[in-house]
A.B. asks: 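Structure provided below as structure tokens; questions to follow.
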Amino acid sequence: MRSLPASVRIYEVGPRDGLQNETQPLSLATKLEYIRRLAAAGLREIEATSFVSPRAVPQLADAAELMAGLPVDDRVRYPVLVPNGRGLERAKAAGARAICVFTGASDAFTERNIGMSVATSLAVFQPVLAAAIGDGMWTRAYVSTAFGCPYTGRIDPARVVQVALALAELGADEICIGDTIGVAVPSQVHDLTVRLLDAGLPLDRLAYHFHDTRGTALANVMAGLEERVSTFDSSTGGTGGCPYAPGAAGNLPTEDLVYLLDRLGIEHGVELAGVLDAARFIAAALGRSVVSKVGQAGGWDPATGAATARSATG
Ligand code: HMG
Ligand code: MG
């Protein structure tokens, strides 16, 4: 087997991607307690909310109040999504120090998601990223529908590379490639990673964001690890999806990612028991049980053969 990275950054998207598609209103206190538990589990990058149109994503309409209530901890970064200059101004006013812009590889998706073509989004993001960078913020840029679009199907990887490089040239610290509707398979991840690196994107600026809609997310992480990618997004409890991408259910569950990395001997700094605690908390708040594999089975202690961190109900 090819050598894998010694350590990985786990970038938690539960409070944002996990909750944005949920129609049941959650209280501010519940969201803050969820984030507190995520940080207590050792997660150091927690995408907290979005400064988008409250009409587009009603669940995250309390973004400013949420930022005001976040636990103060210098070790934790709380990035927020901003779709335009208005979003950046709102995020700054609320005290955000890390922002993410988001576009896609497909015009059909991007038009529905943020009301503009990919080319227009790049023009809109140029001053947004410049202002954020000038302000000393950490910045990330997403390329959604990188492996397939719910409206137009197959995506040309050359297009993904073109959009990713354009965002890198605008100065984003990190480029995150999204499998928005969970259709990717490992051969695509190998191929796209090689193309991105060959085109000049530095490995340490590349992240992957897999949805587990069809059960391929962990296999795709493995493909990324084999190409020595070392940043992966996940959502505790496996909640999530984009309201403008039909079928985008289920982010890669953080607990499944933590289990894989633990068993591979890759450092990441996150405690499985703490992640499962946060997963159960948010699942209960949403009125369901944890559906992820590791959420149900628990971890595993090779010294005894016993499952670990299982809840009373399994
Ligand atoms: P629009 O309707 O095309 O444009 O929305 P607009 O400029 O005419 O704005 C419409 C209304 O929104 C106006 O209000 C604006 O003032 C207001 P009205 O006059 O009608 O009362 N507005 C705003 N309000 C608050 N904050 C703002 C803001 N901007 C305008 N920043 C817009 C364009 C981008 C605003 C809208 O389409 C939008 O908010 N979209 C967000 C969609 C979204 O959040 N999608 C989910 C995140 S992406 C994702 O999940 C994928 C990802 O996980 C990676 C992956 O899986 O691949 C990241
Ligand atoms: Mg997503």
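Indexing begins at 1, ligand by ligand and atom by atom, following the structure's order. Given the structure is predicted, the values throughout are model-derived calculations rather than measurements.
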A.B. asks: Checking the N or O distance criterion of under 3.5 Å, is ligand 1 in contact with Phe51?
C.D. replies: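 Yes; the residue has a nitrogen or oxygen that sits under 3.5 Å from a nitrogen or oxygen of the ligand.
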
A.B. asks: If you count the non-hydrogen atoms of other residues, nucleotides and ligands that lie under 6.0 Å from CD in Glu22, is the total more than 12?
C.D. replies: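 For Glu22, atom CD is crowded (more than 12 foreign heavy atoms under 6.0 Å).
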
A.B. asks: Looking only at heavy atoms, which two atoms of Pro150 and Ile181 are closest? And how far apart?
C.D. replies: N-CD1, 3.7 Å

A.B. asks: Among all protein heavy atoms in this structure, tell me which lies nearest to atom 42 (C) of ligand 1, with the distance rounded to 0.1 Å.
C.D. replies: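 Result for atom 42 (C) of ligand 1: Asn113 O, 3.1 Å.
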
A.B. asks: Would atom 25 (C) of ligand 1 count as contacted, meaning some protein heavy atom under 4.0 Å?
C.D. replies: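 When distances to the protein are checked, atom 25 (C) of ligand 1 has a heavy atom within 4.0 Å.
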
A.B. asks: Hey, is the main chain of Ser106 close enough, under 3.5 Å, to the side chain of Thr110 for a donor-acceptor pair?
C.D. replies: yes

A.B. asks: Just to confirm, does any protein heavy atom lie below 4.0 Å from atom 1 (P) of ligand 1?
C.D. replies: no

A.B. asks: What do we get for Val82 next to ligand 1 when only non-hydrogen atoms under 4.0 Å count, side chain, backbone, both or neither?
C.D. replies: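 Under 4.0 Å from ligand 1, Val82 contributes no heavy atoms.
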
A.B. asks: Taking all atoms of both residues into account, what is the closest heavy-atom pair of Ala146 and Ile177, and its distance?
C.D. replies: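 Taking every non-hydrogen atom into account, CB-CG2, 3.4 Å.
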
A.B. asks: If you have a sec, work out which protein heavy atom is nearest atom 55 (C) of ligand 1 and how many Å separate them, to one decimal?
C.D. replies: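 Minimum-distance protein heavy atom for atom 55 (C) of ligand 1 reads Ser144 OG, 3.4 Å.
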
A.B. asks: Is a salt bridge present between Lys293 and Asp256, judged by a nitrogen-to-oxygen distance below 4.0 Å?
C.D. replies: no

A.B. asks: Would a search of protein heavy atoms around atom 48 (S) of ligand 1 find one under 4.0 Å away?
C.D. replies: yes

A.B. asks: Closer than 4.0 Å and a protein heavy atom, does any atom meet both conditions relative to atom 11 (C) of ligand 1?
C.D. replies: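 Flag for atom 11 (C) of ligand 1 set to false, no protein heavy atom closer than 4.0 Å.
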
A.B. asks: Is there an N/O/S atom in Asp233 that lies less than 2.8 Å from the Mg ion (ligand 2)?
C.D. replies: no

A.B. asks: Tell me whether the NZ or CZ atom of Arg77 lies within the 45° cone about the ring axis of Trp138 and under 6.0 Å from its centre.
C.D. replies: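 Output yes; distance and angle both within limits.
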
A.B. asks: Nearest protein heavy atom to atom 8 (O) of ligand 1: under 4.0 Å?
C.D. replies: no

A.B. asks: Polar contacts were defined as any N/O atom of the residue lying under 3.5 Å from an N/O atom of the ligand; does this apply to Tyr244 and ligand 1?
C.D. replies: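 The answer is no, given that Tyr244 and ligand 1 share no N or O pair closer than 3.5 Å.
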
A.B. asks: Please write down residue, atom name and distance for the protein heavy atom closest to atom 39 (O) of ligand 1.
C.D. replies: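 For atom 39 (O) of ligand 1, the nearest protein heavy atom comes out as Ser53 N, 2.8 Å.
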
A.B. asks: Starting from atom 29 (N) of ligand 1, locate the nearest protein heavy atom and write down its residue, its atom name and how far away it is, to 0.1 Å.
C.D. replies: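 Heavy-atom neighbour on the protein nearest atom 29 (N) of ligand 1: Asn84 ND2, 2.9 Å.
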
A.B. asks: One residue to check: Arg140. Relative to ligand 1, which of side chain, backbone, both or neither has a non-hydrogen atom less than 4.0 Å away?
C.D. replies: neither

A.B. asks: Hey, is atom 21 (O) of ligand 1 touched by any protein heavy atom at less than 4.0 Å?
C.D. replies: yes

A.B. asks: May I ask you to establish whether Arg9 and Tyr11 are in a cation-pi arrangement, using a distance under 6.0 Å from NZ or CZ to the six-membered ring centre and at most 45° from the ring axis?
C.D. replies: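 The answer is no; the distance or angle limit is not met.
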
A.B. asks: Please check whether His211 reaches ligand 1 - meaning an N/O of the residue sits under 3.5 Å from an N/O of the ligand, judged on distance alone.
C.D. replies: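 Yes: some nitrogen or oxygen of His211 is under 3.5 Å from one in ligand 1.
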
A.B. asks: Verify the neighbour count for atom CD of Glu65: are there more than 12 heavy atoms of other residues, nucleotides or ligands below 6.0 Å?
C.D. replies: yes

A.B. asks: Is at least one protein non-hydrogen atom found at under 4.0 angstrom from atom 34 (C) of ligand 1?
C.D. replies: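 Within 4.0 Å of atom 34 (C) of ligand 1, protein heavy atoms are found.
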
A.B. asks: How is the N/O/S atom of Asp17 that comes nearest to the Mg ion (ligand 2) named?
C.D. replies: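 Considering only N, O and S atoms, Asp17 comes nearest to the Mg ion (ligand 2) through OD2.
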
A.B. asks: Quick one: which of Thr193, Asp198, Asp191 gives a side chain to side chain donor-acceptor pair (under 3.5 Å) with Arg195?
C.D. replies: Asp191

A.B. asks: Using a strict 4.0 Å cut-off to heavy atoms of Leu81, name the atoms of ligand 1 that fall inside it.
C.D. replies: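 Within the 4.0 Å cut-off of Leu81, ligand 1 contributes 47 (C).
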
A.B. asks: Give the atom numbers and elements of ligand 1 that come within less than 4.0 Å of a heavy atom of Gly178.
C.D. replies: 57 (O)

A.B. asks: Thinking salt bridges, do Arg86 and Glu89 make one under a 4.0 Å N-O criterion?
C.D. replies: no

A.B. asks: Have a look at ligand 1 and work out which part of Asp17, if any, has a heavy atom under 4.0 Å from it: side chain, backbone, both or neither.
C.D. replies: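 Within the 4.0 Å criterion, Asp17 contacts ligand 1 through side-chain atoms alone.
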
A.B. asks: Where does the angle between the aromatic ring planes of Phe147 and Phe210 fall among parallel (under 30°), tilted (30 to 60°) and perpendicular (over 60°)?
C.D. replies: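 The arrangement is tilted - the two ring planes meet at 30° to 60°.
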
A.B. asks: Whether the Arg228 and Ser3 side chains hold a donor-acceptor pair (N or O, under 3.5 Å, no angle test) is what I'd like checked.
C.D. replies: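 Looking only at side-chain atoms, Ser3 and Arg228 do form a donor-acceptor pair, the distance falling under 3.5 Å.
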
A.B. asks: Taking atom types as modelled and ignoring hydrogens, do the side chains of Ser50 and Gln20 form a donor-acceptor contact shorter than 3.5 angstrom?
C.D. replies: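 The criterion, which ignores hydrogens and geometry beyond distance, is not satisfied for Gln20 and Ser50.
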
A.B. asks: Indicate yes or no for a side-chain donor-acceptor contact from Asp212 to the backbone of Gly250 under 3.5 Å, with no hydrogens or angles considered.
C.D. replies: no

A.B. asks: Checking a contact table here: which protein heavy atom is nearest atom 46 (C) of ligand 1, and how many Å away?
C.D. replies: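 Of every protein heavy atom, Gln20 OE1, 3.4 Å lies nearest to atom 46 (C) of ligand 1.
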
A.B. asks: With a 4.0 Å cut-off on N to O distance, would you call Asp173 and Arg140 a salt bridge?
C.D. replies: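 No, no charged N to carboxylate O under 4.0 Å.
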
A.B. asks: Going by the atom numbers of ligand 1, which of them fall below 4.0 Å from some non-hydrogen atom of Pro83?
C.D. replies: 31 (N), 34 (C)

A.B. asks: Is there a donor-acceptor contact under 3.5 Å from the side chain of Gln24 to the main chain of Ala285?
C.D. replies: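 Answer holds: yes.
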
A.B. asks: Does only the side chain of Pro54 get under 4.0 Å from ligand 1, or the backbone, or both, or neither? Count heavy atoms.
C.D. replies: side chain

A.B. asks: Does ligand 1 have a heavy atom under 4.0 Å from the side chain of Val57, from its backbone, from both, or from neither?
C.D. replies: side chain

A.B. asks: Between Ile282 and Thr236, which heavy-atom pair has the shortest distance, and what is it?
C.D. replies: CG2-O, 4.3 Å

A.B. asks: Between Gly87 and ligand 1, is there a nitrogen or oxygen pair with a distance under 3.5 Å?
C.D. replies: yes

A.B. asks: If you have a sec, work out which protein heavy atom is nearest atom 16 (O) of ligand 1 and how many Å separate them, to one decimal?
C.D. replies: Arg86 NH1, 2.8 Å

A.B. asks: Starting from atom 38 (C) of ligand 1, what is the nearest protein heavy atom, named by residue and atom, and what distance separates them?
C.D. replies: Ala56 CB, 3.7 Å

A.B. asks: So which protein heavy atom does atom 19 (O) of ligand 1 come closest to, and at what separation?
C.D. replies: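 For atom 19 (O) of ligand 1, the nearest protein heavy atom is Arg55 NH2, 4.6 Å.
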
A.B. asks: Check Arg90 against ligand 1 and report side chain, backbone, both or neither, counting heavy atoms closer than 4.0 Å.
C.D. replies: side chain

